[in-house]
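Before any comments, here is the structure.
Keep in mind that this is a model prediction, so the values were computed, not measured.
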Amino acid sequence: LITALAGGVGAARFLTGLLKLVKEEDLTIIGNTGDDIEMFGFHISPDLDIVAYTLAGLADEKKGWGLEGDTFRCLDMLKKLGLETWFNLGDKDLATHIFRTELLNKGFTLSEATDSICQALGLRVKILPMTNDRFETRIRIEEGLVHFEEYFVKREAKDNVLGVEFVGAPSARPAPKVVDSIMKAKLVIICPSNPIVSIGTILSVDGVRNALKQTNAKVVAISPIVAGAPIKGPADKLMRGLGFEVSAFAVAKIYADFLDDFIIDDQDASEKTQIESLGMRVKTTNTLMKTLEDKVRLAKVVLEC
Ligand code: GDP
């Protein structure tokens with residue numbers, strides 16, 4: 001049994017490779033819900049959806065978000081009606097949010113709604129939201145606190161990051177099976193995802209960090225930082241804003257209390273000894289996932305741990 005902690009795109013790409021080597025039934029994915037946002041009355045779970053879409057072979061991998069071949073006619077009309085349409089919602093994508101919101105309105109939990117979406121997409125892998133409680137990542141910029149999506153999509157991650165706040169974190173309980181799946185796994189994988197707003201959010205949910213420390217599973221992470229920069233996304237701005245340096249070593253420090261093995265890129269081999277001094281084993285390999293072969297090769301390295 002394998003459990004993976006996942007953000008969005010970086011995680012989804014890695015998990016595509018992993019699922020060429022392990023059975024879907026043997027994998028549980030704990031997904032980030034800190035980016036969840038309500039738009040036009042619909043509950044949107046960007047990270048849970050991109051993982052599900054990618055694993056179901058439906059994602060637009062070039063664009064890096066949404067569904068392949070989706071159209072935006074509904075959004076066009078919303079704009080005509082004078083609504084703010086900075087959050088890109090494709091027509092087919094919207095159907096997922098309508099479905100999810102309807103289930104939530106009927107009293108189902110986000111876990112149950114996510115399960116229904118996965119089943120409808122033909123997935124046998126389990127995707128668990130980290131929590132069913134309200135949890136919102138907010139970024140502090142000069143103008144004040146804004147939702148992560150407002151910072152990232154509307155404001156194009158251009159603002160200086162002054163801080164990050166997880167609204168709801170102190171009272172958010174882990175969703176059913178989250179802690180259990182970490183405790184019962186043989187291997188826990190921390191995907192190459194944003195260490196602050198994707199993995200950091202999951203780690204902040206009560207009991208998760210402790211389970212990672214207590215589990216008998218081997219806990220392995222892949223660095224999302226390569227040669228002093230993220231491959232994509234604002235991890236560098238967020239890390240710098242919080243006073244971290246942007247390096248594999250800095251990510252290792254965030255995970256040091258529970259990590260057994262850390263996989264870093266060949267380009268960061270010079271950091272190996274420094275990271276090992278934190279008390280973990282370090283493997284270096286090419287961690288750039290351009291092709292499916294790259295993804296499978298990286299997954300193999302993880303499984304060899
Ligand atoms: P998001 O929520 O869609 O931004 O996705 P994640 O949090 O899952 O992942 C973002 C992180 O994935 C970024 O910090 C990237 O550097 C990292 N990432 C994306 N592609 C790759 C890759 O091919 N190799 C490695 N090592 N990291 C990657």
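Cluster annotation: V9 and I199 are assigned to distinct hydrophobic clusters (Ile/Leu/Val/Met/Phe/Trp/Tyr, side-chain heavy-atom contacts under 4.5 Å, transitive). Grouping the Ile, Leu, Val, Met, Phe, Trp and Tyr side chains by contacts below 4.5 angstrom, directly or via other members, places V178 with Y255. In the hydrophobic clustering of ILVMFWY residues, with side-chain heavy atoms under 4.5 Å counting as a link, M130 and V125 come out apart. Tracing side-chain contacts under 4.5 Å through hydrophobic residues (I, L, V, M, F, W, Y), one never reaches L162 starting from V164; they form parts of separate clusters. When hydrophobic clusters are built by joining Ile, Leu, Val, Met, Phe, Trp and Tyr residues whose side-chain heavy atoms come closer than 4.5 Å, directly or via intermediates, F72 is not grouped with M77.
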CA sep, side-chain torsions, deciding dist, call: V302, F14, side-chain contact (heavy atoms from CB on, under 4.5 Å): CA-CA 10 Å; V302 173; F14 169 75; 3.8 Å; yes

Does T16 form a side-chain contact (heavy atoms from CB on, under 4.5 Å) with M289? I'd like the steps, not just the answer. CA-CA 10 Å; T16 312; M289 299 176 285; over 6 Å; no

side-chain contact (heavy atoms from CB on, under 4.5 Å) evaluation trace for L238 with F244: CA-CA 9 Å; L238 292 165; F244 294 102; over 6 Å; no

Verify side-chain contact (heavy atoms from CB on, under 4.5 Å) between L1 and T28, making sure each step is shown before the conclusion. CA-CA 8 Å; L1 294 181; T28 300; over 6 Å; no

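Here the closest non-hydrogen pair linking R297 and L288 is NH2-O, 4.2 Å. Between L203 and V208 the shortest heavy-atom distance is CA-CG1, 4.3 Å. Of all non-hydrogen atoms in G207 and V179, the two that sit nearest each other are O-CG2, 4.0 Å. Nearest heavy atoms, M39 versus W86: CE-CZ2, 3.4 Å. Of all the heavy atoms in N32 and G7, the pair that sits closest is CB-CA, 4.4 Å. The two residues R100 and I117 come nearest to each other via the heavy atoms NH2-CD1, 3.7 Å.
To the nearest 0.5 Å, the span separating OG1 on T287 from CD1 on I263 amounts to 9.5 Å. Atom OG1 in T96 sits 11.5 Å away from atom CG in L48 (nearest 0.5 Å). Rounding to the nearest 0.5 Å places CD1 of I254 at 12.0 Å from CD1 of I190. One finds the CG atom of L298 at 10.0 Å from the CG atom of L303 (value rounded to the nearest 0.5 Å). Taken from CD1 in I29 to NZ in K126, the straight-line distance is 11.0 Å, to the nearest 0.5 Å. One finds the NZ atom of K300 at 12.5 Å from the NZ atom of K20 (value rounded to the nearest 0.5 Å).
Remark: K295 engages E61 in a salt bridge, criterion side-chain N to carboxylate O under 4.0 Å. Of the charged side-chain nitrogens involved, at least one lies within less than 4.0 Å of a carboxylate oxygen, so that D257 and K213 count as a salt-bridged pair. Ionic pairing of E165 and R138 is not present here: no N-O contact between side-chain nitrogen and carboxylate oxygen is shorter than 4.0 angstrom. Salt bridge annotation for D76-R73: absent, with no cationic side-chain nitrogen under 4.0 angstrom from a carboxylate oxygen. One finds a salt bridge joining K158 and E156 here, because a Lys/Arg side-chain nitrogen approaches an Asp/Glu carboxylate oxygen to under 4.0 Å.
Within a 6.0 Å sphere centred on CD of E24, other residues, nucleotides and ligands contribute more than 12 heavy atoms. Atom CD of E142 sits in a sparse spot, with 12 or fewer heavy atoms from other residues, nucleotides or ligands closer than 6.0 Å.
Side-chain contact between D60 and Y53 is absent, with no heavy atoms from C-beta onward closer than 4.5 Å. The side-chain heavy atoms of I2 and D26, taken from C-beta on, include no pair separated by under 4.5 Å. Contact annotation: the side chain of M280 approaches that of I275 to within less than 4.5 Å [non-hydrogen atoms, C-beta and beyond]. Between V282 and D261, the closest side-chain pair of non-hydrogen atoms is not below 4.5 Å. Here the side chains of D159 and E143 are in contact, with some heavy-atom distance below 4.5 Å.
Counting only distance, with no hydrogens or angles, the side chain of T85 and the backbone of K79 share no donor-acceptor pair below 3.5 Å. At least one donor-acceptor pair under 3.5 Å links the side chain of T201 to the backbone N or O of S198. Here the side chain of T3 pairs a donor or acceptor atom with the backbone of S181 at under 3.5 angstrom. Distance alone, capped at 3.5 Å, places no donor-acceptor pair between the T137 side chain and the D35 backbone. In terms of modelled atom types and a separation under 3.5 Å, the side chain of D236 and the main chain of V246 share no donor-acceptor contact. Between the side chain of D294 and the backbone N or O of K290, at least one donor-acceptor pair lies under 3.5 Å. Checking side-chain atoms of D93 against main-chain N and O of G66 turns up no donor-acceptor pair under 3.5 Å. No donor-acceptor distance shorter than 3.5 angstrom exists from the side chain of K177 to the backbone of L128, with no hydrogens or angles considered. Checked by atom type and distance alone, the side chain of R124 never pairs as donor or acceptor with a backbone atom of K23 at under 3.5 Å. For the pair T114 (side chain) and L110 (backbone), a donor-acceptor distance under 3.5 Å is present.
Tested against H43 for a side-chain hydrogen bond (donor to acceptor under 3.5 Å, both in side chains), the candidates D36, T33, T101, N105 yield a single pass: D36. In summary, of the residues considered (L123, L55, V51), a side-chain contact (heavy atoms from CB on, under 4.5 Å) with C118 occurs for L123 alone.
Taking the six-membered ring where the residue is Trp, F166 and F135 present tilted rings, their angle falling between 30° and 60°. Ring geometry for F152 versus F148: interplanar angle under 30°, hence parallel rather than tilted (30 to 60°).
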Going by atom type alone, with no hydrogens or angles, which donor-acceptor pairs under 3.5 Å involve a side-chain atom of residues 216-232 and a protein atom two or more places apart or on another chain?
{"residue": "S223", "atom": "OG", "partner": "I225", "partner atom": "N", "Å": "3.1"}
{"residue": "S223", "atom": "OG", "partner": "I225", "partner atom": "O", "Å": "2.9"}

